[in-house]
Student: 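One structure coming up, written as structure tokens, with questions to follow.
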Amino acid sequence: RLMIIYAWALGFSLVIAGRYILHQLRGILQSQGLVQDTVLVVGVGDAAKLVVNKIMGSSFLGYRLLGLVADGMAGNPAEGFDGWPILGCTEDLPRLIDDNAVDEVIIAMPEADDEEMLRVTSLAHRERVSLKVFPTLFEIMAAGVSSDVLGGLPLLSIRDGVSHGWKLTVKRIMDLA
């Protein structure tokens with residue numbers, strides 16, 4: 001019995017140490033720009049500008065900003081704020097995600113109504129893409145979604161389509177079994 005307790009304690013300690021080491025290693029690689037997730041920001045208002053400024057001012061987050069997507073504004077690509085290009089409108093999201101191997105879409109349109117948010121999230125829905133929303137005050141208080149932080153800005157994770165860390169390992173083991 002004592003041997004089982006020792007084995008359990010050792011296993012528990014090794015898992016914690018391993019996760020800590022992997023977290024630190026990923027942070028080092030991200031801060032040096034070696035591991036980056038490609039990000040699209042949907043929106044061109046003040047919230048989008050705030051998100052872009054946080055991404056650009058926080059290299060340790062490991063994001064590579066591809067550009068902006070205008071909310072509902074059809075037309076030719078143009079230059080957004082701070083020199084970041086507007087790559088298209090929300091109807092172009094599926095093409096932009098597929099063509100540019102986008103890892104994450106951040107929707108920064110707190111002024112949008114529920115119907116518009118539903119339309120944008122359905123357009124951005126892809127198997128491997130993580131969707132995050134810059135929330136309104138009411139959404140911050142709502143339950144049912146997980147929260148993330150982007151350099152001090154709160155983001156809501158609607159759906160995290162990518163398995164990370166131990167989830168990916170367990171999935172791979174189950175796939176092989």
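All figures in this text were calculated on a predicted structure; none of them were measured in a lab. The first residue of the sequence shown is numbered 1, and numbering continues consecutively from there.
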Student: Is it true that atom CD1 of Ile4 has more than 12 heavy atoms of other residues, nucleotides or ligands lying nearer than 6.0 Å?
Tutor: no

Student: Provide the closest heavy-atom pair for Leu68 versus Gly43 in the form atom of the first, atom of the second, distance.
Tutor: CD2-O, 4.0 Å

Student: For the residue pair Val102 and Thr38, what are the closest heavy atoms and their distance?
Tutor: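 Result for this residue pair: CG1-O, 3.7 Å.
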
Student: Suppose we screen for side-chain hydrogen bond (donor to acceptor under 3.5 Å, both in side chains). Which residues come up paired with Asp98, at least two apart in sequence or across chains?
Tutor: Arg126

Student: For Glu115, look at atom CD and say whether over 12 heavy atoms of other residues, nucleotides or ligands are found less than 6.0 Å away.
Tutor: no

Student: Rounded to the nearest 0.5 Å, how far apart are OH of Tyr6 and CG of Leu2?
Tutor: 4.0 Å

Student: Identify the residue among Ile106, Asn100, Leu87 that makes a side chain to side chain contact (heavy atoms under 4.5 Å, CB included) with Leu40.
Tutor: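 Only one of Ile106, Asn100, Leu87 forms a side chain to side chain contact (heavy atoms under 4.5 Å, CB included) with Leu40, namely Leu87.
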
Student: Using links of under 4.5 Å between side-chain heavy atoms of ILVMFWY residues, direct or through other members, which residues join Leu14 in one cluster?
Tutor: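 The other cluster members (ILVMFWY side chains, heavy atoms under 4.5 Å, direct or chained) are Leu10.
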
Student: For the atom pair NZ (Lys54) and NZ (Lys49), what is the distance rounded to the nearest 0.5 Å?
Tutor: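 Here the rounded value is 14.5 Å.
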
Student: Would you say the side-chain atoms of Tyr63 and Gln36 include a donor-acceptor pair closer than 3.5 Å?
Tutor: no

Student: Enter the distance from Leu65:CG to Asp37:CG here, rounded to the nearest 0.5 Å.
Tutor: 12.5 Å

Student: What I'd like to find out is whether the side chain of Val42 reaches to under 4.5 Å of the side chain of Leu93, using heavy atoms alone.
Tutor: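 Yes, their side chains come closer than 4.5 Å.
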
Student: Check whether any side-chain heavy atom of Val69 lies under 4.5 Å from a side-chain heavy atom of Ile86, and answer yes or no.
Tutor: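 Heavy-atom side-chain distance check fails, nothing below 4.5 Å.
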
Student: Treating Ile, Leu, Val, Met, Phe, Trp and Tyr as nodes and any side-chain heavy-atom pair under 4.5 angstrom as an edge, say whether Leu29 and Leu22 lie in one connected cluster.
Tutor: no

Student: Mind checking what makes side-chain hydrogen bond (donor to acceptor under 3.5 Å, both in side chains) contact with Arg95, not counting sequence neighbours?
Tutor: none

Student: Return the minimal non-hydrogen interatomic distance between Pro85 and Leu66, and the atom names on each side.
Tutor: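 Residues Pro85 and Leu66, closest heavy atoms: CG-O, 4.2 Å.
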
Student: Looking at Val120, Thr121, Asp114, which one forms a side chain to side chain contact (heavy atoms under 4.5 Å, CB included) with Leu118?
Tutor: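 Only one option passes, and that is Thr121.
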
Student: Just wondering, do Asp103 and Val129 contact through their side chains at under 4.5 Å, heavy atoms?
Tutor: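 No, too far: nothing below the 4.5 Å cut-off.
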
Student: Considering non-hydrogen atoms only, spot the tightest contact between Ala108 and Val41 and give its length.
Tutor: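 Between these two residues, the closest heavy atoms are CB-CG1, 4.2 Å.
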
Student: Looking at side-chain heavy atoms only, is the closest gap between Arg119 and Glu91 below 4.5 Å?
Tutor: yes

Student: Under the salt bridge (Lys or Arg N to Asp or Glu O under 4.0 Å) criterion, do Glu104 and Arg64 qualify, and how do the steps go?
Tutor: CA-CA 10 Å; Glu104 192 165 305; Arg64 183 180 69 84; over 6 Å; no

Student: Answer yes or no: is there a side-chain heavy-atom contact under 4.5 Å between Leu123 and Pro94?
Tutor: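 The answer is yes, as the side chains (C-beta and beyond) meet within the 4.5 Å cut-off.
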
Student: Are the side chains of Ile107 and Met117 in touch, meaning some heavy atoms are under 4.5 Å apart?
Tutor: yes

Student: Quick one: are Ile55 and Val51 in side-chain contact, heavy atoms under 4.5 Å?
Tutor: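 Ile55 reaches Val51 side chain to side chain.
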
